[in-house]
2 protein chains.
Amino acid sequence: MIKNIKIPDVTIERVALYLRPLEDYEKSGGHVISSDKLAELCNVNPAQVRKDLSFFGEFGVRGVGYEVSELLIEIKKILASDREWQMGIAGLDDIGMALVQHKNFLHRGYKFVAAFDSNPRNIGKHLPMGLVVQPLSKLKETAIDLSLEIGVIATPASIAQKTADLFFDAGILAVLNFSATHLRKPDCCLVQNVDFTFNLDHLAYRLNKKK
Amino acid sequence: MIKNIKIPDVTIERVALYLRPLEDYEKSGGHVISSDKLAELCNVNPAQVRKDLSFFGEFGVRGVGYEVSELLIEIKKILASDREWQMGIAGLDDIGMALVQHKNFLHRGYKFVAAFDSNPRNIGKHLPMGLVVQPLSKLKETAIDLSLEIGVIATPASIAQKTADLFFDAGILAVLNFSATHLRKPDCCLVQNVDFTFNLDHLAYRLNKKK
DNA sequence: GCCTGTGAATCCATTCACAGCT
DNA sequence: AGCTGTGAATGGATTCACAGGC
């Protein structure tokens, strides 16, 4: 019952935000939640919660609230996180290794099923979940074989663009970029950059402002 | 010459964004840049660039553009990234180790000068830059000794809140949180959450929307 | 009475368009 | 002529406030 008006990006971000406290709330025994309560857990305005959710349907019951388990399912449906996504990672130095080992990804359905590196020192390495690091030259073939949908770039900045191009060329439409470079991409593809120093810049700014 | 009207958060985020392409531009030999060019490098609107910068002063020359080296200095001054920040990290499993080794932090003036862990297996470990992992019980003392300003949390979610409280109690006003928990904090303190699965949720949503 | 869903009102951010300086 | 700086116009997003259903 998704309305065909434009849904703001910030709404998507907030809906993803709602997911986490909601899961905690369910775990702690809550079955029904009001927009007031959910808003409080997420530090947003209650009307905002209701409006955000109303973009996608009418999930609540007037006078009562939202049924938690149902809302969780709906949100996961909205975010398309109600299924597994097959991911490949390139670059298995410190960050790459940490990402592959990170449990949260799998818990949310993001599954690493292939790993690539250009460094002979890393190729052939055995990773958790039976993954073996393959050379970049195998990327396209493997991506097609395993129907990879998301590529994660954890290579040094110097080869990030080359690696991204390999992903794009293999038909992968979405890339999560942990390298410190801005990536050029075809119009059809999506890139999401993760740069920790951005977060620190923001913290530093706010720290500094309060003298 | 900072004006005392409220500066939007998004402006700060974009100003941090401008920094990186600007540095590249300077490295490739550019000395003067127009708002058009900078906007193109950052995928934003030229008027946006000018308005953002004008919140903080008049850095450009009409008819000419912005002097790159000067603009870099001004932006760093705005973000308070024209100096070193002393950081402590708690949690030295895979993510923590990757962060400590990550060169980008230091390059931007964010310096790890202390490391803490509760796991006896990690305590005493020697890290790059002469860091030695200390027990959490030493956190407060060390934080005060070294004038730590930013705390980085890379512990398991289960002890993230406890660790954050230690940082706050030691007088650290800013925390960068890599654990998958929402942290409670005193009003005077700042918390910035980093959750990679958020980025993936967003990618998944957009991937899914284009069928 | 209580809480959702939503039009209307408000608030804020972006973009336009041009005056003003070089 | 070229490009910045900025008031004014536009376009979105947030919040209010209440109608509508339990």
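The analysis underlying the following values was restricted to heavy atoms, covering all of them including side chains, and did not include hydrogens, waters or symmetry mates.
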Self-check item: Nearest-nucleotide pick for A:Glu58, side chain only, options being D:dT14, D:dT4, C:dG5
Solution: C:dG5
Quiz item: Taking OP1 and OP2 of D:dA13, is either one under 4.0 Å from a side-chain nitrogen or oxygen of A:Arg14?
Solution: no
Practice problem: Take the protein atom CG of A:Asp52 and the nucleotide atom P of D:dT15, then report the distance between them rounded to whole Å. | Solution: 10 Å
Quiz item: OP1 or OP2 of C:dG5 less than 4.0 angstrom from a side-chain nitrogen or oxygen of A:Tyr66, does that happen here?
Solution: yes
Quiz prompt | Length of the line joining B:Phe55:CZ and C:dC12:C1', which is rounded to integer Å | solution = 10 Å
Exercise. Scan A:Val152, A:Leu99, A:Val100 and name whichever one has a side-chain contact (heavy atoms from CB on, under 4.5 Å) with A:Phe105.
Key: A:Leu99
Quiz item: Of B:Ser34 and A:Thr11, whose closest DNA chain D nucleotide lies nearer the 5' terminus?
Solution: B:Ser34
Quiz prompt | Any B:Ser35 side-chain nitrogen or oxygen under 4.0 Å from OP1 or OP2 of D:dT4 | solution = yes
Quiz prompt | Nearest-angstrom distance from the residue atom CG of B:Asp9 to C1' of C:dT14 | solution = 16 Å
Quiz item: Is it the case that B:Tyr110 and B:Asn104 place a side-chain donor and acceptor less than 3.5 Å from each other?
Solution: no
Self-check item: Pairs involving residues 162-174 of chain B, ordered by first then second residue, that meet salt bridge (Lys or Arg N to Asp or Glu O under 4.0 Å) (sequence neighbours left out)
Solution: B:Lys140-B:Asp169
Quiz prompt | Given B:His102, B:His107, B:Arg20, the one that forms side chain to side chain donor-acceptor pair (under 3.5 Å) with A:Thr197 | solution = B:Arg20
Self-check item: Nucleotide-resolved protein contact map, nucleotides 16-22 of chain D, B/S/- at heavy-atom distance under 4.0 Å
Solution: BB-BBBS
Quiz prompt | Nucleotide D:dG12, atom P - distance to CD of A:Glu13 in whole Å | solution = 17 Å
Self-check item: Note: A:Asp195-B:Arg108 ion pair, threshold 4.0 Å (strictly below)
Solution: no
Quiz prompt | Whole-Å distance separating the CD1 atom of A:Ile7 from the C1' atom of D:dG12 | solution = 15 Å
Quiz prompt | Whole-Å distance separating the CD atom of A:Glu74 from the C1' atom of C:dT4 | solution = 15 Å
Quiz item: Does a side chain donor of either A:Ser69 or A:Glu67 reach within less than 3.5 Å of an acceptor in the other side chain?
Solution: yes
For residues 28-42 of chain B, tabulate all N or O donor-acceptor pairs below 3.5 Å that involve a side-chain atom, not counting sequence neighbours.
unit_1	atom_1	unit_2	atom_2	d
B:Ser28	OG	B:Tyr25	O	3.0
B:Ser34	OG	B:Lys37	N	3.1
B:Ser35	OG	B:Arg50	NH1	3.0

Practice problem: For A:Gln48 and C:dA9, give me the distance from atom CD to atom C1', rounded to whole Å. | Solution: 16 Å
Practice problem: May I have the distance from A:Phe59 (atom CZ) to C:dC3 (atom C1'), rounded to whole angstrom? | Solution: 17 Å
